[in-house]
Amino acid sequence: MTTTLPQGDLRLLETDLAQRMLASTELARLAYVAPDGTPRVLPMLFHWTGDELVMATFAGTAKLAALRANPAVAVTIDRAGPPPEVLLLRGNAVVTEVDGVLPEYAAAQRRYYGPEHGAAAVAEVDRPGLRMARIAVRPSWAGTFDFQERFPGGRTAEDFARRGR
């Protein structure tokens, strides 16, 4: 199925590769454009809701102002391998500030660090006056590479190998 779906098709989110990446403890790398027009990439913990990739941060950061001004983003979640596995997403970020700890922040902490350490990390930041921001990306484009069946820029392993010559 993976090789027959074109890059950009949201059904790629249903593939085993995409589901592994969305359930993984790999970092999401969020790419956006800063107010000065230069690109930025930030590694972030994430939580997949089934519809949105949610990343949490603290209110008042520069990236929030940039995302509000230009919400178009790209995200990669990848595993070095061998073989490498890559999930690419594009969409618009929606920023929502809230009082207190975001549920998705707590869920990500537990997934990445386990129940005990995740709870400790949440307790450490859960203080009166805490404001967090929810950065939600509902993918409008999805792509995958597994370097076995699906290669960047080539339809077959042979095509991909020839491109490097």
Side-chain angles (χ1 to χ4, degrees), residues 1-34 36-57 61-64 66-96 102-114 117-118 121 133-165:
M1 173 179 153
T2 303
T3 56
T4 61
L5 293 175
Q7 295 289 38
D9 192 317
L10 292 178
R11 291 177 294 172
L12 287 168
L13 291 171
E14 301 166 15
T15 64
D16 290 343
L17 185 156
Q19 290 298 302
R20 274 194 307 279
M21 293 296 97
L22 292 167
S24 76
T25 55
E26 302 294 344
L27 295 172
R29 290 168 184 84
L30 173 67
Y32 64 97
V33 178
D36 67 1
T38 59
R40 302 284 194 275
V41 177
L42 290 174
M44 299 185 73
L45 304 185
F46 71 91
H47 176 74
W48 175 246
T49 68
D51 296 311
E52 295 177 315
L53 190 76
V54 178
M55 296 154 283
T57 192
T61 64
K63 70 179 159 277
L64 297 177
L67 290 169
R68 284 185 178 109
N70 183 356
V73 298
V75 177
T76 183
I77 304 166
D78 56 83
R79 187 181 66 78
E85 294 182 312
V86 181
L87 173 63
L88 304 167
L89 305 173
R90 297 178 198 161
N92 286 320
V94 176
V95 176
T96 309
L102 282 168
E104 294 92 348
Y105 175 83
Q109 292 293 323
R110 286 191 303 272
R111 190 174 89 256
Y112 279 86
Y113 304 119
H117 287 97
R134 181 181 195 268
I135 302 168
V137 178
R138 185 175 299 265
S140 59
W141 186 99
T144 60
F145 303 132
D146 66 7
F147 293 88
Q148 291 182 39
E149 294 178 22
R150 199 170 180 103
F151 297 83
R155 297 180 190 269
T156 66
E158 294 77 26
D159 288 344
F160 186 71
R162 267 195 301 274
R163 292 188 83 175
R165 291 188 197 135

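- Nearest heavy atom pair, residue Q7 against residue F145, reads NE2-CE2, 3.0 Å.
- Minimum heavy-atom separation, L53 to A28: CD2-CB, 4.4 Å.
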Before you tell me yes or no, could you show the steps for L27 and I77 under side-chain contact (heavy atoms from CB on, under 4.5 Å), namely the whole-Å CA-CA distance, both residues' side-chain angles and the distance that decides it to 0.1 Å?
CA-CA 6 Å; L27 295 172; I77 304 166; over 6 Å; no
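- Smallest separation of non-hydrogen atoms from F46 and S24: CZ-O, 4.1 Å.
- Interatomic distance, CE of M21 versus CG of D16, reported as 11.0 Å (0.5 Å rounding).
- The side chain to side chain donor-acceptor pair (under 3.5 Å) contacts involving residues 73-91 comprise R20-E85, R29-D78, T76-D78, R79-E85, where partners must be two or more places apart or lie in separate chains.
- Contact between A34 and A66 at its shortest, heavy atoms only, is CA-CB, 4.1 Å.
- Side-chain contact between P139 and L89: present, with at least one pair of heavy atoms (C-beta onward) separated by less than 4.5 Å.
- Under the side-chain hydrogen bond (donor to acceptor under 3.5 Å, both in side chains) criterion, D51 pairs with no residue, sequence neighbours left out.
- Residues meeting the side-chain hydrogen bond (donor to acceptor under 3.5 Å, both in side chains) test with R111, sequence neighbours left out: none.
- The CD atom of E26 lies 11.5 Å from the CG atom of L87; values are rounded to the nearest 0.5 Å.
- At a threshold of 4.5 Å between non-hydrogen side-chain atoms, the residues L45 and Y105 do not count as touching.
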Is there a side-chain contact (heavy atoms from CB on, under 4.5 Å) between L67 and V73 once you walk through the steps?
CA-CA 8 Å; L67 290 169; V73 298; 3.5 Å; yes
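- Of the options H47, M44, K63, E104, a side chain to side chain contact (heavy atoms under 4.5 Å, CB included) to M55 is made by M44 and by none of the others.
- Residues T25 and Y112 come closest through the heavy atom pair O-CE2, 3.0 Å.
- The side-chain hydrogen bond (donor to acceptor under 3.5 Å, both in side chains) test applied to E52 returns R134, not counting sequence neighbours.
- Heavy-atom minimum distance, A31 versus V41: CB-CG2, 4.0 Å.
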Between L22 and Q19, is a side-chain contact (heavy atoms from CB on, under 4.5 Å) present by the stated rule, with each step listed?
CA-CA 5 Å; L22 292 167; Q19 290 298 302; 4.1 Å; yes
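- Remark: A69 engages no residue in a side-chain contact (heavy atoms from CB on, under 4.5 Å) (not counting sequence neighbours).
- Side-chain contact between L64 and T57: present, with at least one pair of heavy atoms (C-beta onward) separated by less than 4.5 Å.
- Under the rule for a side-chain hydrogen bond (donor to acceptor under 3.5 Å, both in side chains), the partners of D9 that lie at least two apart in sequence or sit in another chain are R11.
- Within the 4.5 Å cutoff, the side chain of L88 has no heavy atoms near those of the T144 side chain.
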Would you please test S140 and R138 for side-chain hydrogen bond (donor to acceptor under 3.5 Å, both in side chains) and show each step?
CA-CA 6 Å; S140 59; R138 185 175 299 265; over 6 Å; no
